[in-house]
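Fair warning: this is a prediction, and the values are worked out from it, not measured in the lab.
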Amino acid sequence: MTADNEISIKEAFQRAQKGHNNKAKLVASLKSRYTKLEDKTLFHEEFLHCLKYAMIVYRREPAVENVIEFAARFATCFQAAPKDPFLNLIFNFLLESHKANSHAVRFRACQLINKMLGSMAENAQIDDDLFDRIHQAMLVRVTDKFPNVRIQAALAMTRLQQPRDPDCPTINAYMLILDNDSNAEVRRAVLSCIAMSPRTLPKVIKRTRDVKENVRKLAYQVLADKVHIKALTIAQRVGLLQQGLRDTSEAVREVVCSRLLPAWLLRLDGDIIELLHRIDVENCAETALGMLKAIFNGALSEELQQNRVQLDNRRLIPVESLSCETVLYWRALCEFVKAKGDEGDEMLEQVLPDAATYADYLYGYLKAVPVLSEEQRADFTQLELVMTKEFVSQQLIHLIGCLDTNEEGGRKRVLAVLQDMLGLAQTPSSLGALLTEKLLSLIPDDQRRIQTVAEIISDVREPITEPSQPLDENESRRQQVQLAEVKVRILEAKQTLEECISAQDFSRAAKLKDSITELEERRNHILKEIEESRQGADREVRSEKNDPETLLRCLTMCAELLKQMSMKTRIGPTISALMSSLVLPSIANAHPAVRNMAVVCLGTCTLHSKELAKTHMVLLLQIAQLDEVKIRISALRAIIDLLLVFGFQLLSEAAPAQAGPSSLSPDRQEAEAAAGGEKAEAPEDSSQSVLLMLSEFLDSEVSDLRTETAEGLAKLMYTGRMSSAKIFSRLVLLWYNPLTEDDTRLRHCLGVFFQLFARESRVHQEVVEESFLPTVRTLMNAPATSPLAEVDVNNVVELLVELTRPSALIKPPANTEEVCVHDYLAVRMCGEMLKDSTAPEVRLYAKTLGNLELSSDETVRTDLQTLLQQLVQVVKDRVCLRALEKIVHQLADLKEQAESLSATALQPVDVNADGINVLGDNLLREKQNILSCELSGQRKTCTAKAGRKPRRTESSEESDGENVPESVPVTRPSRRAKTAALEKTKLDLNPLINQEAN
């Protein structure tokens with residue numbers, strides 16, 4: 001570069017377009033010339049004149065971006081000279097230009113202001129009046145129609161924030177944009193520049209649940225870089241981990257694992273135990289386990305060995321050092337190493353002892369867990385201590401799954417400890433299910449499982465007690481004396497008998513013999529009394545316990561056993577005995593928890609036997625209507641499971657006289673009885689009554705019951721156990737009902753069900769099509785006081801049309817000429833419009849007809865064309881008439897084109913997805929598009945798109961509707977070809993600058 005001090009403005013702008021030029025030298029040379037001028041007015045005018053050429057270009061051309069960067073640098077080089085008016089001149093020009101009609105000028109004005117403010121020094125100062133003017137202008141531009149303008153305006157206000165001011169307008173504008181702006185790139189821009197404060201932090205955390213992946217990803221990055229873990233509440237930390245580690249996007253999960261967790265650990269000096277303490281692991285153990293797994297995945301094996309918990313020489317944590325955090329870390333580490341398989345066996349031996357040693361360790365800790373009385377439970381300190389010990393016990397029990405139980409001795413010791421703990425009365429009831437689960441996991445055979453659990457239940461419910469009457473020592477001594485006397489008399493009588501026999505005194509000998517017999521009988525009687533008294537003292541007395549806590553423990557073990565049993569295992573005598581002696585009597589228990597667990601056991605047991613299900617189906621139906629909410633939900637789940645396994649034939653095979661009234665409310669029973677008694681006796685009535693009961697549950701005010709019913713009906717319909725257009729319509733209305741807006745589980749379940757159900761088969765689409773008109777009628781006729789009056793009918797219709805679209809099927813039909821569901825739907829809507837051409841839904845139907853994918857069947861097209869012609873003569877509404885006439889013309893053109901092609905023996909017509917547009921229309925549209933592209937001079941890829949246009953995805957670079965349409969996939973060109981094409985498409989501002997201003 002020669003004569004840099006004499007460079008002109010025009011030449012500076014020309015050189016600035018080239019990316020390889022040093023902009024700092026250009027700025028220095030132009031500034032040198034500027035300082036030598038006495039009258040700077042002409043310089044100002046020429047500079048602005050050249051700058052305008054760049055400001056009218058909206059596309060992000062490299063040459064234009066270089067010019068904007070150069071202009072911003074040159075303007076901010078005068079910030080050290082506050083008396084020089086050049087900087088204020090540029091700001092004033094840009095502030096006047098931000099209201100221009102051209103969105104390109106508004107975009108470049110905001111971009112220049114952003115770059116100028118960003119290029120100024122940290123301690124730079126501007127006039128208060130100029131500050132206010134910039135502030136007001138950018139507040140206006142953040143509401144601009146074009147997203148790119150809003151992005152630059154939001155970025156320009158970065159240095160205008162005042163986080164300590166509770167009424168800062170910039171902060172308020174940022175929070176409003178985060179909540180309401182429809183463009184993801186605008187929300188990303190605000191996230192990148194918003195200042196962290198107690199006011200803005202909840203808004204940033206809310207963006208971690210944004211619908212766009214890039215916004216969620218950036219939100220986690222901002223939280224990792226700008227927010228200290230201590231600034232977050234425990235609930236916020238747990239929420240971020242739950243959502244981030246379970247996010248559907250791999251990129252978001254990667255950011256949480258690689259950015260957020262390391263940042264938190266760094267601020268806690270790498271102490272993982274302290275991090276666990278910060279998230280309260282007692283209330284969110286699963287989240288903490290997921291977090292630890294993510295940390296372990298990013299660590300090396302050496303680091304895992306160094307960071308392992310402090311174990312003693314037995315490879316156990318000392319009991320006094322056990323805490324919620326340490327035991328959870330120990331469990332997570334062992335499970336992570338265990339999951340590695342053979343690679344982790346060596347390390348697992350270093351962090352976990354053998355099975356027998358661990359079983360004794362576990363037994364000692366569980367026995368030490370105290371049992372609180374009612375008075376002690378009122379003491380919060382003692383209650384909290386016991387809850388902590390129970391949590392530690394749960395984690396220790398979970399560690400059994402990591403033990404090496406292949407060795408027979410260790411496995412037997414673990415089984416013995418688990419059986420003993422289940423049998424101990426002081427074992428907390430909260431550990432019963434987990435202990436039973438681990439016990440059953442060590443026993444592979446179902447029959448042995450049943451026998452083991454039945455024995456434990458028997459010992460728990462009928463424990464051995466001490467005898468009520470101890471042995472009387474005086475009575476025992478008296479019996480011993482009597483026995484000795486009788487023995488002596490027997491000996492004396494025998495000696496006398498021998499003497500009589502020797503003396504041949506046979507008469508006396510006979511009397512003595514009778515006397516000896518009596519004495520021996522008395523001796524035997526005394527011995528029997530002594531034996532009975534001893535047996536009474538040593539006898540085992542078993543007494544049956546029916547208190548709620550004991551029953552709940554037994555039912556919990558029984559429920560876990562039934563869950564672990566294979567479905568192929570039938571109900572044997574042992575299970576039948578448990579049902580009759582434990583489960584069925586507990587259903588009538590006064591304690592709600594006992595009744596609920598008994599219903600769970602009954603429902604699980606009936607899944608193994610159809611006969612048992614027939615017997616107890618009526619009981620479950622009664623419970624589902626009459627008991628407490630939690631118990632009703634358990635019974636409802638059991639009913640749904642039975643219908644899924646055995647089908648509705650189960651109801652018809654059961655007693656119809658009992659099934660009918662048991663599944664109806666009293667009002668419904670009277671209505672059904674009044675409607676007709678003969679129909680109520682039909683076998684199908686029981687199925688109808690159950691469906692009627694489930695329909696009533698959909699209107700329940702209890703959200704949990706309503707959600708469980710909707711989920712059950714969705715399962716039944718998806719698996720093919722039932723097919724009902726009315727039920728499907730009810731589910732659609734429930735999904736759109738504003739009252740269910742806060743029921744996330746219901747919305748998510750039904751949203752997934754609709755897509756899977758409709759795409760599965762055409763039969764399912766016919767169910768959706770049959771529910772179309774009833775759903776629309778219900779919404780159109782909803783009274784103003786009903787929540788359904790707020791539902792957008794157009795949105796519902798769009799959903800149903802999309803669900804019934806033939807191209808949406810997982811396996812589309814091979815024959816495209818086959819009559820499709822949309823054909824029937826079109827005929828139905830035409831029939832509805834002919835019934836009442838003045839109805840308010842006529843316009844909705846006319847609009848929907850244009851969005852259908854009609855088949856190429858000639859008969860269907862002829863019938864539909866006839867109906868449409870009748871409608872054109874009847875309908876008076878102009879909007880409807882215009883839509884109908886358009887469809888009629890399209891059908892007529894389609895028919896003519898088909899006839900002409902068939903007459904000239906050309907290739908058959910390529911009917912597009914909606915069955916309306918034809919090949920000739922597509923070619924004509926393509927030529928028109930190409931011609932318009934050439935006239936506009938813009939580089940666009942024109943493609944003829946037939947049928948329904950796919951939704952355009954928002955680009956991160958251009959988000960305002962002027963994006964280049966998606967091009968047809970082509971072969972990837974070489975690097976040289978791409979370089980040549982890039983040079984040809986680069987925009988050069990030199991011709992525009994050289995052109996004389998008109």
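- A donor-acceptor contact closer than 3.5 angstrom is absent between the side chains of D792 and Y736.
- Inter-residue side-chain proximity for L30 and F13 is flagged as unmet; no heavy-atom pair is nearer than 4.5 Å.
- Contacts of F86 classified as ring pair (Phe, Tyr, Trp, His ring centres under 6.0 Å), with partners at least two apart in sequence or in another chain: Y34, H44, F47, F74, F78.
- Between I68 atom CD1 and L51 atom CG the span is 5.5 Å, to the nearest 0.5 Å.
- With a 6.0 Å radius and a threshold of 12 heavy atoms from other residues, nucleotides or ligands, K99 has its NZ atom at or below the threshold.
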TODO: Decide side chain to side chain contact (heavy atoms under 4.5 Å, CB included) for K115 and R73; before the verdict, give the C-alpha distance in whole Å, the side-chain angles of both, and the deciding distance to 0.1 Å.
DONE: CA-CA 8 Å; K115 288 186 175 294; R73 287 194 183 188; over 6 Å; no
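- When each of R253, R216, K217 is paired with D247, the side-chain hydrogen bond (donor to acceptor under 3.5 Å, both in side chains) condition holds for R216 and for no other.
- Remark: H277 pairs with no residue by the ring pair (Phe, Tyr, Trp, His ring centres under 6.0 Å) rule, at least two apart or across chains.
- With a 4.5 Å cut-off on side-chain heavy atoms, M157 and L139 count as touching.
- In this view, A263 and A224, R267 satisfy the side-chain contact (heavy atoms from CB on, under 4.5 Å) rule, not counting sequence neighbours.
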Please tabulate, one pair per line, all N/O donor-acceptor pairs under 3.5 Å involving side-chain atoms of residues 125-136, not counting sequence neighbours.
| unit_1 | atom_1 | unit_2 | atom_2 | d |
| --- | --- | --- | --- | --- |
| D127 | OD2 | D129 | N | 3.1 |
| R133 | NH1 | N92 | OD1 | 2.7 |
| H135 | NE2 | T170 | OG1 | 2.4 |

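- At least one donor-acceptor pair under 3.5 Å links the side chain of Q161 to the backbone N or O of T158.
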TODO: Go through the steps to decide whether R882 and K886 satisfy the test side chain to side chain contact (heavy atoms under 4.5 Å, CB included), and finish with yes or no.
DONE: CA-CA 6 Å; R882 205 177 305 126; K886 181 179 178 181; over 6 Å; no
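- Put simply, the side chain of I295 does not reach to within 4.5 Å of the side chain of W264, judged on heavy atoms.
- The nearest pair of heavy atoms linking M55 to S97 is CE-CB, 4.4 Å.
- Closest non-hydrogen pair, A54 versus V67, comes out as CB-CG1, 3.8 Å.
- When side chains are defined from C-beta on, V879 does not count as touching K847, because their heavy atoms never get closer than 4.5 Å.
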TODO: Could you check N214 against R188 for side chain to side chain contact (heavy atoms under 4.5 Å, CB included), going step by step and ending with a plain yes or no?
DONE: CA-CA 8 Å; N214 289 337; R188 289 186 76 247; 3.6 Å; yes
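- A donor-acceptor pair under 3.5 Å is formed between the side chain of K31 and the backbone N or O of C77.
- Residues forming a side-chain hydrogen bond (donor to acceptor under 3.5 Å, both in side chains) with E274 (at least two apart in sequence, or on another chain): R278.
- Residues passing the side-chain hydrogen bond (donor to acceptor under 3.5 Å, both in side chains) test with Q111, sequence neighbours excluded: E65, R108.
- By the neighbour-count criterion of 12 heavy atoms within 6.0 Å, atom NZ of K40 is densely surrounded, having more than that number from other residues, nucleotides or ligands.
- If you take CG on N114 and CG on L94, they are separated by 11.5 Å, rounding to the nearest 0.5 Å.
- Closest heavy-atom contact between L112 and A71: CD2-CB, 4.2 Å.
- Listed for the E45 side chain is no donor-acceptor partner under 3.5 Å among the backbone atoms of L42.
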- [ ] Show the numbers, then the answer: is there a side chain to side chain contact (heavy atoms under 4.5 Å, CB included) between V204 and L223?
- [x] CA-CA 8 Å; V204 175; L223 290 171; 3.9 Å; yes
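- Residues passing the side-chain hydrogen bond (donor to acceptor under 3.5 Å, both in side chains) test with D210, sequence neighbours excluded: R187, R207.
- Listed by chain and number, the residues in a ring pair (Phe, Tyr, Trp, His ring centres under 6.0 Å) with Y174 amount to none (sequence neighbours excluded).
- Here the CD-CD distance, from E741 to E790, works out to 9.5 Å after rounding to the nearest 0.5 Å.
- With contacts defined as side-chain heavy-atom distances shorter than 4.5 Å, the pair S8/R33 qualifies.
- Side-chain contact between F107 and F146: absent, with no pair of heavy atoms (C-beta onward) separated by less than 4.5 Å.
- How far CD of Q14 is from CD1 of I9: 12.0 Å, rounded to the nearest 0.5 Å.
- Pairing each heavy atom of V142 with each of A153, the nearest pair is CG1-CB, 3.7 Å.
- For the atom pair CD (E250) and OG1 (T248), the distance works out to 10.5 Å, reported to the nearest 0.5 Å.
- Among all heavy-atom pairs drawn from L261 and A294, the shortest one is CD1-CB, 3.8 Å.
- In this view, Y220 satisfies the ring pair (Phe, Tyr, Trp, His ring centres under 6.0 Å) rule with no residue, not counting sequence neighbours.
- Inter-residue side-chain proximity for I56 and S102 is flagged as unmet; no heavy-atom pair is nearer than 4.5 Å.
- A side-chain hydrogen bond (donor to acceptor under 3.5 Å, both in side chains) with D144 is found for exactly one of H98, R106, R150, namely R106.
- Remark: of the listed residues N795, N794, V793, L799, V793 is the sole one forming a side chain to side chain contact (heavy atoms under 4.5 Å, CB included) with V797.
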Pair up each side-chain donor or acceptor in residues 190-202 with any protein partner under 3.5 Å, not counting sequence neighbours, and list the distances.
| unit_1 | atom_1 | unit_2 | atom_2 | d |
| --- | --- | --- | --- | --- |
| S192 | OG | A189 | O | 2.6 |
| S197 | OG | R199 | N | 3.4 |
| S197 | OG | T200 | N | 3.4 |
| S197 | OG | T200 | OG1 | 3.3 |
| R199 | NH1 | P166 | O | 2.8 |
| R199 | NH2 | N172 | OD1 | 2.4 |
| T200 | OG1 | A195 | O | 2.8 |
| T200 | OG1 | S197 | N | 2.9 |
| T200 | OG1 | S197 | O | 3.3 |

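- Inspection of the N66 and Q17 side chains reveals no N or O donor paired with an N or O acceptor under 3.5 Å.
- Of the possible donor and acceptor atoms, none in the side chain of S119 sits under 3.5 Å from a partner among the backbone N and O of M116.
- A heavy-atom distance below 4.5 Å is not found between the side chains of I171 and D165.
- Residues passing the side-chain hydrogen bond (donor to acceptor under 3.5 Å, both in side chains) test with T287 are Q242, sequence neighbours excluded.
- One distance of note links CE of M291 with CG of L260; it measures 10.5 Å at 0.5 Å rounding.
- K206 meets the salt bridge (charged side-chain N to carboxylate O under 4.0 Å, His left out) test with D179; sequence neighbours excluded.
- Considering every non-hydrogen atom in both G290 and L245, the closest pair reads C-CD1, 3.7 Å.
- At least one donor-acceptor pair under 3.5 Å links the side chain of R159 to the backbone N or O of M120.
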